[in-house]
2 protein chains.
Amino acid sequence: MSTAAKPPPEICNLLALRQATRRLTQLYDHFLAPSGVRGTQFSILARLKARGPMPIGEMAEAMVMDRTTLARNLMPLRRQRLVAVTPGVDRRRREIRLTDKGLATIEAALPLWRRAQHHFEARYGGGEAERLRAMLREVAATELAGGG
Amino acid sequence: MSTAAKPPPEICNLLALRQATRRLTQLYDHFLAPSGVRGTQFSILARLKARGPMPIGEMAEAMVMDRTTLARNLMPLRRQRLVAVTPGVDRRRREIRLTDKGLATIEAALPLWRRAQHHFEARYGGGEAERLRAMLREVAATELAGGG
DNA sequence: GCAAAATAGGGGCATATGCGCATAATAGCC
DNA sequence: GGCTATTATGCGCATATGCCCCTATTTTGC
């Protein structure tokens with residue numbers, strides 16, 4: 001019977017996440033600007049560099065992203081010749097791979113990204129940031145809408 | 001010097017946030033679907049219900065959102081006659097307010113939202129969720145790109 | 001009182017996000 | 001070997017996000 005029985009929308013987990021994401025997107029895009037790639041594009045290029053070529057669907061799942069979203073996020077990268085999409089052995093699949101220009105771009109972007117990381121962790125605390133990432137990874141890894 | 005001197009992109013704070021946001025958006029939109037509003041729209045309507053009419057710029061700042069983004073997020077809500085935008089006394093400003101239909105909609109959406117909250121906190125832990133929100137609020141409240 | 005500065009907002013451009021439907025291609029059954 | 005189920009993907013529609021430039025309005029300076 002306390003007033004806390006019906007939690008008010010001010011404590012919405014989704015709203016808190018979205019607001020923090022918008023704020024952090026500002027920060028990372030600001031630092032990454034000289035490299036010409038956005039935060040989302042950085043993630044894609046960095047993953048390709050670390051793991052090598054992979055099909056769209058596989059990367060989409062790893063990124064917790066809709067396949068069609070990733071496919072369209074790739075379009076500006078393809079226009080700029082940073083990634084190439086080629087048919088795989090299984091011709092239903094299409095492999096994404098870094099071009100030489102894409103490799104050069106991600107390597108130029110890496111120190112900028114590190115500066116964004118440091119800037120954030122200087123403001124927020126390195127240990128706190130690590131705890132935050134751990135929590136977020138757990139959220140991202142859980143099939144929330146399903147039965148699991 | 002250990003190999004940890006150059007942190008790898010796998011520990012990107014922004015990527016972790018985006019992935020968790022995508023996952024949580026799935027969850028909340030799934031639960032909110034019967035009400036016909038998305039998570040973002042729910043936040044807007046809920047805020048209007050709690051705080052009363054307010055100008056676009058003021059809400060945008062409170063939501064850590066670009067003014068133009070909020071203005072466009074309002075368009076589908078205006079089309080559905082859930083909110084109305086009227087000129088203020090200072091005719092540069094435009095006041096957003098809930099319509100009767102908007103009030104009915106947010107009140108119908110509230111129990112659905114609570115179910116989403118409960119679902120999340122059942123999977124993730126209520127205390128953990130509270131800690132997560134506290135961290136995210138701190139991130140959202142900080143002027144990260146600026147000097148502060 | 002009028003010109004300049006400041007403020008609130010809109011529209012264009014580009015990216016990011018995901019659902020539903022359609023298409024292409026492989027795998028499996030018989 | 002051809003029909004069917006499965007899989008990988010694309011495309012249209014709609015929302016979400018933010019930057020830059022422009023317009024409208026108020027405030028300020030003189």
Side-chain angles (χ1 to χ4, degrees), chain A residues 14-15 17-30 32-33 36-45 54-61 63-80 82 85-96 140 144-145, chain B residues 14-15 17-30 32-33 36-45 54-61 63-80 82 85-96 140 144-145:
Chain A
L14 178 59
L15 178 60
L17 256 172
R18 281 188 173 278
Q19 292 185 349
T21 299
R22 287 193 283 261
R23 188 68 88 188
L24 218 56
T25 299
Q26 290 174 0
L27 174 70
Y28 279 74
D29 281 356
H30 171 74
L32 285 173
V37 298
R38 319 280 298 272
T40 310
Q41 302 175 331
F42 175 86
S43 314
I44 296 171
L45 298 180
M54 66 186 73
I56 291 183
E58 184 180 318
M59 174 174 282
E61 190 176 0
M63 302 276 279
V64 194
M65 191 183 286
D66 190 271
R67 286 165 255 275
T68 67
T69 300
L70 177 58
R72 266 188 280 255
N73 289 358
L74 288 173
M75 290 205 290
L77 297 174
R78 291 176 65 183
R79 269 204 305 277
Q80 296 175 255
L82 302 182
V85 180
T86 52
V89 183
D90 183 337
R91 278 211 298 277
R92 286 174 302 188
R93 299 193 181 190
R94 310 187 65 183
E95 289 228 318
I96 323 165
L144 286 161
Chain B
L14 178 60
L15 179 60
L17 256 173
R18 281 188 173 279
Q19 292 185 349
T21 299
R22 286 192 285 260
R23 188 68 88 189
L24 217 56
T25 299
Q26 291 174 0
L27 174 69
Y28 279 74
D29 282 355
H30 171 74
L32 285 173
V37 298
R38 321 279 297 272
T40 309
Q41 303 175 330
F42 174 86
S43 314
I44 295 172
L45 298 179
M54 66 186 72
I56 291 182
E58 184 180 318
M59 173 174 282
E61 190 175 0
M63 302 276 280
V64 194
M65 191 184 286
D66 190 90
R67 282 169 288 184
T68 68
T69 301
L70 177 57
R72 267 187 279 257
N73 289 359
L74 288 173
M75 290 205 290
L77 296 174
R78 291 174 66 182
R79 268 205 305 277
Q80 295 175 255
L82 302 182
V85 180
T86 53
V89 182
D90 182 337
R91 279 211 298 277
R92 288 174 300 187
R93 300 193 180 190
R94 309 187 66 182
E95 289 228 319
I96 323 164
L144 286 160

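Below, chain A is the first sequence line, B the second, and so on; all start at residue 1. Side chains are part of it too, since the values below use all heavy atoms of this structure and drop only hydrogens, waters and symmetry mates.
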* Asked: Would you say A:R94 reaches D:dT9's phosphate, i.e. side-chain N/O to OP1/OP2 under 4.0 Å?
  -> no

* Asked: side chain to side chain contact (heavy atoms under 4.5 Å, CB included) with B:E95: which residues, sequence neighbours excluded?
  -> B:P53, B:P55, B:T86

Run the side chain to side chain donor-acceptor pair (under 3.5 Å) test against [X] and tell me which residues pass, sequence neighbours left out.
{"X": "B:T69", "result": "none"}
{"X": "A:D29", "result": "A:R38"}
{"X": "A:T21", "result": "B:T21"}

* Structure fact -> salt bridge (Lys or Arg N to Asp or Glu O under 4.0 Å) pairs touching residues 85-94 of chain B, sequence neighbours excluded, are B:D90-B:R92

Filtered N/O pairs between nucleotides 22-26 of chain C and protein, under 3.5 Å:
residue: C:dT26; atom: O4'; partner: A:R92; partner atom: NE; Å: 3.4

Between atom [atom1] in [X] and atom [atom2] in [N], what is the gap in whole Å?
{"X": "A:L70", "N": "C:dT17", "atom1": "CG", "atom2": "C1'", "value": "12 Å"}
{"X": "B:R78", "N": "C:dG10", "atom1": "CZ", "atom2": "C1'", "value": "11 Å"}
{"X": "B:E58", "N": "C:dG9", "atom1": "CD", "atom2": "P", "value": "10 Å"}
{"X": "A:M54", "N": "D:dT9", "atom1": "CE", "atom2": "P", "value": "12 Å"}

* Asked: Over its full length, what angle do the end axes of the helix from C:dG1-D:dC30 to C:dC30-D:dG1 make, each axis taken from five pairs and the result rounded to 10 degrees?
  -> 10°

Detail all sub-3.5 Å separations between protein N/O atoms and N/O atoms belonging to nucleotides 3-5 of chain D.
none

* Identify whether any heavy atom of A:R67 sits under 4.0 Å from a base atom; if not, whether one sits that close to sugar-phosphate; answer base, sugar-phosphate or nothing. => base

* How does each nucleotide of nucleotides 11-21 of chain D score, in 5' to 3' order, for protein heavy atoms under 4.0 Å: base (B), sugar-phosphate only (S), or none (-)? -> BBB-SSBBBB-

